[in-house]
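Please read the structure below before turning to the comments.
The basis for the numbers below is simple: all heavy atoms, side chains too, and nothing from hydrogens, waters or symmetry mates. All values derive from a computational prediction rather than experimental measurement. In what follows, chains carry the letters A, B, and so on, assigned in the order in which the sequence lines appear, proteins first and then strands, with residues in each chain numbered from 1.
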Amino acid sequence: MQSLCKTLPIMKRHRSKPSLTTTTAAAAAAPPTPSTPPPPQTLRPTPKPQSISSKKPRNILSHLTHPKPIPTHQQSPQTPKWVPLNLSKSELSLPLTFPTGQTFRWKQTDHHNHIQYTGVVGSHLVSLKQLEDGDVAYSFHHTANEAGARMALLDFLNAGICLADMWEGFSASDPRFAELARRLGGARVLRQDPLECLVQFLCSSNNNIGRITRMVDFISSLGNYLGTVGGLDFHEFPSLDRLSQVSEEELRKAGFGYRAKYIIGTVDALQSKPGGGAEWLASLREIDLQKAIDALSTLPGVGPKVAACIALFSLDQHQAIPVDTHVWQIATRYLIPELAGTHLTPKLCSRVADAFVSKYGKYAGWAQTLLFIAELPSQKTLLLSDSCISRCQKPVKQKGRRSSGPIDGDSSQKLGIEGQEADEKL
DNA sequence: CGGTAACCTGGGAT
DNA sequence: AATCCCAGGTTAC
């Protein structure tokens with residue numbers, strides 16, 4: 001399909017700078033969308049997944065997408081108007097993109113009629129839903145500049161990058177990838193705001209999805225309120241200035257633990273950057289991966305893993321490979337089996353990254369993303385029920401004891417992926 | 001330099 | 001019910 005995306009013109013993107021306004025009345029809040037029973041607010045351990053990651057710019061599908069109004073033209077704030085994105089299921093699968101660890105700020109806001117996720121892009125509150133035919137449509141809940149918002153959304157989705165073309169290349173050199181790609185189409189890497197991405201991953205270290213999400217929600221609540229969808233409040237991500245007003249004490253009280261000092265320290269470091277912290281982060285999009293990693297690593301709380309996540313998910317560093325325990329499993333199983341059983345060390349991180357890059361090329365990070373998703377318990381469950389891989393995927397060895405079968409049932413919640421929902425519309 | 005032990009917190013397993 | 005273990009790590013010996 002969309003074979004054209006590949007040839008789309010490449011356009012440099014300008015980032016939206018965080019505003020320092022601390023509160024805006026502009027939030028006319030769009031009341032809960034239709035058919036969605038009032039999901040309880042936050043409270044409990046938010047079981048909902050969300051994740052990270054970001055990508056490059058290059059969008060410009062204007063000629064494909066209809067910037068025009070279009071469908072159900074209901075101006076009523078209650079009834080959002082849905083506009084097609086012109087991205088098919090193979091180019092964008094909501095369940096394989098938003099709850100897979102790239103961002104913790106997008107929430108599923110409709111579990112019934114369609115798969116629907118809601119989040120914030122810049123200052124725009126938007127919902128995305130997967131239609132019956134798999135195509136994705138969007139609806140802004142509160143936006144002055146619809147055209148600008150649309151462009152921001154396409155940029156955020158890395159819409160100018162054609163997944164089908166890219167995966168064709170990966171599949172050609174890797175049969176295993178080809179097999180997974182058939183089932184997991186539309187697993188896209190986002191292009192998030194660098195600061196937003198950085199803070200989210202500072203919260204992620206040695207932590208679990210549920211708590212990371214709560215922490216990110218706390219930080220988010222410091223930003224301008226934009227609206228409520230499906231019972232959930234959405235805020236613009238707070239600016240660096242706003243973040244600098246929070247104390248380590250407050251963060252600790254909010255349950256950040258030792259990560260509180262990481263956030264404070266990083267915010268301070270960024271604010272001391274001559275040209276501005278946001279600008280400094282943005283500049284990392286123009287330099288090569290290693291330099292970007294090195295620069296990010298100077299920030300407190302940012303190590304190899306977090307730096308790679310920020311690079312891949314927000315700095316257009318498509319070849320960045322966030323090496324965590326899961327990726328380590330993948331790597332030692334398929335790429336460098338000779339290292340299976342050994343312990344992951346910082347040095348081996350780059351070894352793994354190199355292995356991925358030499359196999360998949362400059363978009364290795366995107367390939368890694370799919371392979372990672374395939375490792376998620378929810379996906380494994382599907383594969384198992386499918387071809388009964390039973391015990392062939394013996395645990396390559398985890399830190400502790402983990403010998404209870406192929407699918408470790410507890411990790412599903414660590415990763416926060418809803419197994420059941422993930423499959424219904426694949 | 002490579003290999004460990006703390007580090008906050010909350011939830012599930014033993 | 002008390003403990004232990006672990007979570008997509010980072011930092012300090």
Got a list of side-chain donor-acceptor pairs under 3.5 Å for residues 353-360 of chain A, not counting sequence neighbours?
| residue | atom | partner | partner atom | Å |
| --- | --- | --- | --- | --- |
| A:S358 | OG | A:D354 | O | 3.0 |
| A:S358 | OG | A:A355 | O | 3.0 |
| A:Y360 | OH | A:D174 | OD2 | 2.5 |

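- The residues A:R183 and A:E179 are annotated as not salt-bridged, no charged nitrogen and carboxylate oxygen being separated by less than 4.0 angstrom.
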Tabulated below should be each protein N or O lying under 3.5 Å from an N or O of nucleotides 6-9 of chain B; please produce it.
| residue | atom | partner | partner atom | Å |
| --- | --- | --- | --- | --- |
| B:dC8 | OP1 | A:R252 | NH2 | 2.9 |
| B:dC8 | O5' | A:R252 | NH1 | 3.4 |
| B:dC8 | O4' | A:Y258 | N | 3.0 |
| B:dC8 | O2 | A:R211 | NH1 | 3.4 |
| B:dC8 | O2 | A:R211 | NH2 | 2.5 |
| B:dC8 | O2 | A:R259 | NH1 | 2.7 |
| B:dC8 | N3 | A:R211 | NH2 | 3.4 |
| B:dC8 | N3 | A:R259 | NH2 | 3.2 |
| B:dC8 | N4 | A:N206 | ND2 | 3.1 |
| B:dT9 | O4' | A:R211 | NH1 | 2.8 |
| B:dT9 | O4' | A:R211 | NH2 | 3.2 |
| B:dT9 | O2 | A:R211 | NE | 3.4 |
| B:dT9 | O2 | A:R211 | NH2 | 3.1 |

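- When the P atom of C:dA7 is taken as reference, atom CG of A:L376 falls 14 Å away, rounded to whole Å.
- The separation of C:dG8 from B:dG3, taken at their P atoms, amounts to 24 Å, rounded to a whole angstrom.
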Exercise. How does DNA chain B read in dot-bracket, base by base from 5' to 3', with Watson-Crick or G-U pairs under 3.5 Å and | used when the partner is on another strand?
Worked result: ..|||||.||||||
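- Considering only side-chain atoms of A:P322, the nucleotide from C:dT10, C:dG8, B:dG10 that sits closest is C:dG8.
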Using distance only, find each side-chain donor-acceptor pair of residues 268-276 of chain A under 3.5 Å and give its atom names and separation, not counting sequence neighbours.
| residue | atom | partner | partner atom | Å |
| --- | --- | --- | --- | --- |
| A:Q271 | OE1 | A:S244 | OG | 3.3 |
| A:Q271 | NE2 | A:D241 | OD1 | 2.7 |
| A:S272 | OG | A:A269 | O | 2.7 |

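- Atom CG in A:L198 sits roughly 17 Å away from atom P in C:dG9 (whole-Å rounding).
- Comparing B:dA6 with C:dC6, their C1' atoms sit 15 Å apart, to the nearest whole Å.
- Between A:K305 and C:dG8 there is no side-chain polar atom (N or O) within less than 4.0 angstrom of OP1 or OP2.
- The gap from the C1' atom of C:dC5 to that of B:dA5 amounts to 16 Å, rounded to the nearest Å.
- Aromatic ring centres of A:Y138 and A:W82: separated by at least 6.0 Å.
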Return all side-chain donor-acceptor pairs below 3.5 angstrom for residues 294-302 of chain A, not counting sequence neighbours, or 'none' if the list is empty.
| residue | atom | partner | partner atom | Å |
| --- | --- | --- | --- | --- |
| A:D294 | OD1 | A:Q290 | NE2 | 2.9 |
| A:S297 | OG | A:I293 | O | 2.7 |
| A:T298 | OG1 | A:A295 | O | 2.6 |

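- Straight-line distance between the C1' atoms of C:dA7 and B:dG2: roughly 24 Å, to the nearest whole Å.
- Per the geometry, CH2 belonging to A:W328 stands 16 Å off P belonging to C:dA7, to the nearest Å.
- Of the two residues contacting DNA chain C, namely A:S297 and A:S204, the nearest-nucleotide position lying further toward the 5' end is that of A:S204.
- Between C:dT10 and B:dG11, the distance separating the two C1' atoms is 23 Å to the nearest Å.
- Applying the ring pair (Phe, Tyr, Trp, His ring centres under 6.0 Å) rule to pairs touching residues 275-311 of chain A yields nothing, sequence neighbours excluded.
- Salt-bridge formation is not detected for the pair A:E279/A:R285: no Lys NZ or Arg NE/NH1/NH2 atom is positioned less than 4.0 Å from an Asp or Glu carboxylate oxygen.
- Annotation: the span from A:L284 atom CG to A:D316 atom CG amounts to 11.0 Å, rounded to 0.5 Å.
- By the 4.0 Å N-to-carboxylate-O rule, A:R333 lies close enough to A:E375 to be salt-bridged with it.
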